[in-house]
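In what follows, residues are counted from 1 in the order of the sequence shown.
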Amino acid sequence: MRADPDRRMATLFAPRTIRRRLIALYAFNDELARIRDRVTEPMLGDLRLAWWREVVEEIYDPDAEVRGHETALGLSHAFSSGAPPRVWIDRMINVRARDLDAEPFQTIADLKQYADRSAATLMRAAVWLTVPGEDISAAGEAAIKHAGIAWAMTGMLRGFAADLAHNRRWLPQQAYDEAGVSVAEMTRDQDPEAARALFKPVIASIRREHREARARFADLPSEAAPALLYASLIPAYLDRMSRPDYDAFAGKGEPPLILRQARMVWASATGRL
């Protein structure tokens with residue numbers, strides 16, 4: 001969970017038993033997200049994904065013994081008193097095959113589809129753990145979807161410079177075309193002004209997603225709030241990235257921890273995302 005401090009902070013608003021279950025789910029997600037950085041070729045990544053599919057098979061089989069891996073055992077324990085629909089957990093694994101594909105996303109819509117299948121699906125599973133088996137209204141489901149998409153896309157902007165340096169490309173070709181800059185130019189020049197132009201349509205799209213999530217947040221059970229609270233930080237991240245002097249390559253775009261803590265406390269107290 002060291003790589004996921006905002007989600008970890010949000011778990012502090014959940015009862016202790018629920019908190020432990022959420023942390024186990026997030027640790028599982030972190031294992032999947034880091035596969036691309038741990039392998040040297042796509043085939044090795046596919047093998048790791050296959051290994052996690054076998055783990056999930058064991059967890060959902062009451063007669064199977066789960067292999068002795070810390071994260072696998074943690075997830076098994078988290079699901080021991082009730083597991084989210086398996087289709088969500090399978091989707092979390094399967095979508096990571098896209099991480100191994102060097103072909104960039106073409107449009108913002110393509111990026112949103114990936115974000116829905118990854119971050120929003122994780123959020124759906126987390127909500128289930130906070131309110132096991134409870135029916136979520138269509139408006140509540142929409143809040144989860146929009147919040148998850150907005151969070152994933154915000155994360156892609158936050159990690160833009162590091163990803164570019166390692167030849168990892170998340171932002172779609174559409175954004176590059178609208179900014180009038182190529183990937184090669186961005187990598188070579190590291191021009192903050194060009195990066196701000198590149199970010200502009202993506203930030204606008206994220207803000208729309210976040211507004212939709214905020215408008216529907218109250219339609220979720222209050223007990224589910226810890227599964228979404230970290231999305232309340234999105235405006236703080238975007239506001240910094242939208243400044244006229246923002247430098248995506250300087251590594252100074254993160255809001256201070258105290259501000260993020262205060263924003264999450266406020267969101268929890270007011271019920272506003």
Side-chain angles (χ1 to χ4, degrees), residues 1-8 20-80 82-107 110-126 128-129 148-149 151-153 155-173 183 187:
M1 287 291 287
R2 290 181 180 178
D4 211 349
D6 292 333
R7 283 194 179 106
R8 182 182 64 218
R20 287 197 293 264
R21 301 180 79 190
L22 290 173
I23 288 173
L25 177 66
Y26 296 154
F28 167 64
N29 180 68
D30 186 52
E31 290 279 356
L32 299 177
R34 289 193 293 165
I35 286 176
R36 182 176 68 169
D37 295 333
R38 290 175 167 176
V39 299
T40 54
E41 55 183 277
M43 184 180 68
L44 297 176
D46 288 333
L47 291 174
R48 286 181 180 250
L49 291 174
W51 189 89
W52 280 107
R53 290 188 188 99
E54 293 173 0
V55 168
V56 170
E57 181 71 33
E58 293 165 359
I59 289 174
Y60 278 82
D61 182 350
D63 298 321
E65 181 177 348
V66 178
R67 59 198 67 188
H69 181 280
E70 181 181 3
T71 302
L73 292 172
L75 190 67
S76 177
H77 181 72
F79 289 2
S80 61
R86 180 171 169 182
V87 64
W88 295 342
I89 308 304
D90 288 338
R91 187 181 300 157
M92 287 174 59
I93 298 174
N94 294 337
V95 73
R96 293 299 176 176
R98 182 63 178 82
D99 297 5
L100 306 172
D101 187 350
E103 185 68 22
F105 295 107
Q106 290 301 306
T107 67
D110 293 337
L111 183 60
K112 286 184 177 182
Q113 184 179 54
Y114 170 87
D116 181 24
R117 294 182 64 81
S118 54
T121 298
L122 170 63
M123 200 173 274
R124 291 182 186 100
W128 194 97
L129 291 176
I149 290 173
W151 182 256
M153 293 174 67
M156 292 170 189
L157 294 183
R158 291 167 60 197
F160 170 75
D163 286 336
L164 197 66
H166 290 89
N167 199 31
R168 297 189 298 256
R169 182 176 161 194
W170 285 112
L171 300 191
Q173 186 61 45
V183 177
T187 304

I'd like to check [X] versus [Y] (side-chain heavy atoms, cut-off strictly below 4.5 Å). Are they in contact?
X      : Y      : answer
Asn94  : Arg53  : yes
Ile93  : Val56  : yes
Ile35  : Asp99  : no
Leu129 : Arg20  : no
Trp170 : Leu157 : no

Nearest-0.5 Å distance that lies between atom [atom1] in [X] and atom [atom2] in [Y]:
X      : Y      : atom1 : atom2 : answer
Leu25  : Trp128 : CG    : CH2   : 11.5 Å
Leu122 : Arg91  : CG    : CZ    : 12.0 Å
Asn29  : Met123 : CG    : CE    : 10.5 Å
Phe28  : Ile89  : CZ    : CD1   : 6.0 Å
Arg67  : Ile59  : CZ    : CD1   : 9.5 Å

Considering all heavy atoms, the nearest [X]-[Y] contact:
X      : Y      : answer
Gly148 : Ala119 : O-CB, 3.4 Å
Pro62  : Tyr60  : CD-O, 3.4 Å
Gly74  : Ala24  : O-CB, 3.5 Å

Original post:
Would you say Gln113 has more than 12 foreign heavy atoms packed within less than 6.0 Å of its CD?
Top reply: no
Original post:
So does His69 have more than 12 non-hydrogen atoms from other groups sitting under 6.0 Å from NE2?
Top reply: yes
Hey, is the main chain of [Y] close enough, under 3.5 Å, to the side chain of [X] for a donor-acceptor pair?
X      : Y      : result
Ser80  : His77  : yes
Thr121 : Arg117 : yes
Arg21  : Ala78  : yes

Original post:
With Asp110, which residues qualify under salt bridge (Lys or Arg N to Asp or Glu O under 4.0 Å), at least two apart?
Top reply: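 Not a single residue meets the salt bridge (Lys or Arg N to Asp or Glu O under 4.0 Å) criterion with Asp110.
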Original post:
By salt bridge (Lys or Arg N to Asp or Glu O under 4.0 Å), which residues pair with Asp6, not counting sequence neighbours?
Top reply: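 Arg158, Arg260.
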Distance-only donor-acceptor hits, side chain of residues 37-52, under 3.5 Å, sequence neighbours excluded:
from: Asp37; atom 1: OD1; to: Arg168; atom 2: NH1; distance (Å): 2.9
from: Arg38; atom 1: NH1; to: Glu31; atom 2: OE1; distance (Å): 3.0

**OP:** Verify side chain to side chain contact (heavy atoms under 4.5 Å, CB included) between Leu32 and Met92, making sure each step is shown before the conclusion.
**Re:** CA-CA 8 Å; Leu32 299 177; Met92 287 174 59; 4.2 Å; yes
Subject >> Quiz item: cation-pi between Arg7 and Tyr26, 6.0 Å / 45° >> reply: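 Judged by the rule (NZ or CZ under 6.0 Å from the ring centre, within 45° of its axis), Arg7 counts as positioned above Tyr26.
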**OP:** Give a yes/no verdict on a cation-pi contact between Arg98 and Phe105, requiring under 6.0 Å between NZ or CZ and the six-membered ring centre and an angle within 45° of the axis.
**Re:**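 Flagged: Arg98 positioned over aromatic ring of Phe105.
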